[in-house]
Each structure stands twice: as C-alpha cells, then as structure tokens.
Amino acid sequence: QNFRLREGSQVDLQQVSQLYQASQKVAQAATRDEIFNATASAVQQTSYFSAVYRAKGNTLYLVQPGGNKPYYADQLPASIPISATVAGMYFEGDSPLIVRNLIKPSVSVRPEMLEPALALNAHEAAFLPVMNRHEMEGIIMLASRDTGKISTNSLQAFLSFMNPVSYTHL
C-alpha cells in the first residue's frame, strides 16, 4: 500500500509539473487557437485518457495539436453534436462534472458528452469547462478505465491549470 501511495504521488507530481509548464505556454499564447492547442497538448501528457473539445456553432470539435498524439487519439470522435450553451447547463459555474459510472450516470449529463469517454471504454470521466469570461468555449474530458481514479482531489492540479486557460483574455 505504501508503494501505491508513493507511486500515486509521483504521478501527481509529474502531472503538476507538466500542467505548470503548460500553463506558462497558455499565458504566452497570442490567440485562442494557441491556448486550446497548448491545453490539449498538456492534458494528453497526463495519466488520464483526455481530450479537449472547442465549441464552434452547435458542435464541439476535437482539438488536435501538432506533434505526438496519444495512442488512443484515433478512437476519439472528431466532434460532439452539442452546443457549448447546452453543455454548459450541466456545469455549476466552473466546477468539474464528474461521472463515476458512464454506463449508468448518477448525475445529469447529456449522452453526447459521454461519447469520447465511452469510445475509449472508460468507466468514469470528468469534464472541465473551458470558459472565456462567463461564456463556455469548450470542455476538457479526462477519463479512466479504473474505478475511483477520478475524484475532486485528483483533479486539483487540473483545476489550478484551468485558471490561466479560462481567464486568458485575447
């Protein structure tokens, strides 16, 4: 059990470091495209299955930055047929939406939002809103096949990372 705790904290420290470095890139971004690309690159390097979707019209589109793609990238849907306005109704402010069982969600969520995580055979997922001022511009999906891996505590580094992403105004 001590080994698992140590291993878990090493992964957390590595994620914090990666997200911190990415937040520096976000802070230096000159366009919203650069912000979304830096965000997608950062979350793809973590221990979760992840994806960033950006709103355009009534659809959320997968952000695919250049460079190394995660091995599961081709399994992700290129788009989710839901507008940012509709998706935003399932969030309380800028708090994450955690779905502990994707097959039988115990929280209110549109089925379309679960498609990327289900495509990866994940058991649970968290969705973080990407905000610009008070408008939702996209979502970050983090998913896991392991039960209990996603919690409010495990998302703390991501929530801290989201501050510069959501509040970098261009």
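Nothing here was measured: the structure is a model prediction, and the numbers come from that model.
- Just one of L120, I140, I150, D146 meets the side-chain contact (heavy atoms from CB on, under 4.5 Å) condition when paired with Y48; it is I150.
- Under the 4.0 Å criterion applied to side-chain N and carboxylate O atoms, E137 and R32 are assigned as salt-bridge partners.
- When every heavy atom of A125 is checked against every heavy atom of L102, the shortest pair comes out as CB-CD2, 3.9 Å.
- By the 4.5 Å heavy-atom criterion applied to side chains, V86 and R110 are counted as neighbours.
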Open item on the list: Could you go through I139 and L60, starting from their C-alpha distance and side-chain angles, then the distance that decides it, and tell me whether this counts as side chain to side chain contact (heavy atoms under 4.5 Å, CB included)?
Closed with: CA-CA 8 Å; I139 60 171; L60 296 170; 4.0 Å; yes
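- Taking 4.5 Å as the limit, some side-chain heavy atom of N37 sits within range of a side-chain heavy atom of V63.
- Between L114 and P105, the shortest heavy-atom contact is CD1-CG, 3.8 Å.
- Applying the ring pair (Phe, Tyr, Trp, His ring centres under 6.0 Å) rule to pairs touching residues 51-100 yields F49-Y72, sequence neighbours excluded.
- Shown here for P77 and P116, the closest heavy-atom pair between the two residues is CD-CA, 3.7 Å.
- Of the possible polar contacts, one joining the E124 side chain to the G148 backbone as a donor-acceptor pair under 3.5 Å is found.
- Using a 4.5 Å heavy-atom cutoff, the side chains of L155 and I98 are in contact.
- At least one donor-acceptor pair closer than 3.5 Å links the side chain of S154 to the backbone N or O of K149.
- Within 6.0 Å of the CD atom in Q75, the count of heavy atoms belonging to other residues, nucleotides or ligands exceeds 12.
- G57 approaches S83 most closely through the heavy-atom pair O-CB, 4.1 Å.
- Put simply, CE on M89 and CE on M136 are 11.0 Å apart, with the number rounded to the nearest 0.5 Å.
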Task: Check against side chain to side chain contact (heavy atoms under 4.5 Å, CB included), V130 and F36 - done: CA-CA 9 Å; V130 178; F36 272 91; 3.8 Å; yes
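- Put simply, the side chain of T59 never gets that close to the backbone of K56: no donor and acceptor are under 3.5 Å apart.
- Two residues are said to be in side-chain contact when any heavy atoms from C-beta on lie closer than 4.5 Å; M113 and L97 meet this criterion.
- Note that CG of L128 and OG of S50 are 11.0 Å apart. Values are rounded to the nearest 0.5 Å.
- With sequence neighbours left out, the side-chain hydrogen bond (donor to acceptor under 3.5 Å, both in side chains) criterion links E115 to no other residue.
- By the 4.5 Å heavy-atom criterion applied to side chains, L118 and I103 are counted as neighbours.
- When atom types are taken as modelled, the side chain of N101 and the backbone of K104 share a donor-acceptor pair closer than 3.5 angstrom.
- In this structure the side chain of Q45 never reaches within 4.5 angstrom of the side chain of P70, judged on heavy atoms.
- N121 has its side chain within reach of R145: a pair of non-hydrogen atoms, C-beta onward, lies under 4.5 Å apart.
- Contact check for K69 versus Q64: side-chain heavy atoms found under the 4.5 Å cut-off.
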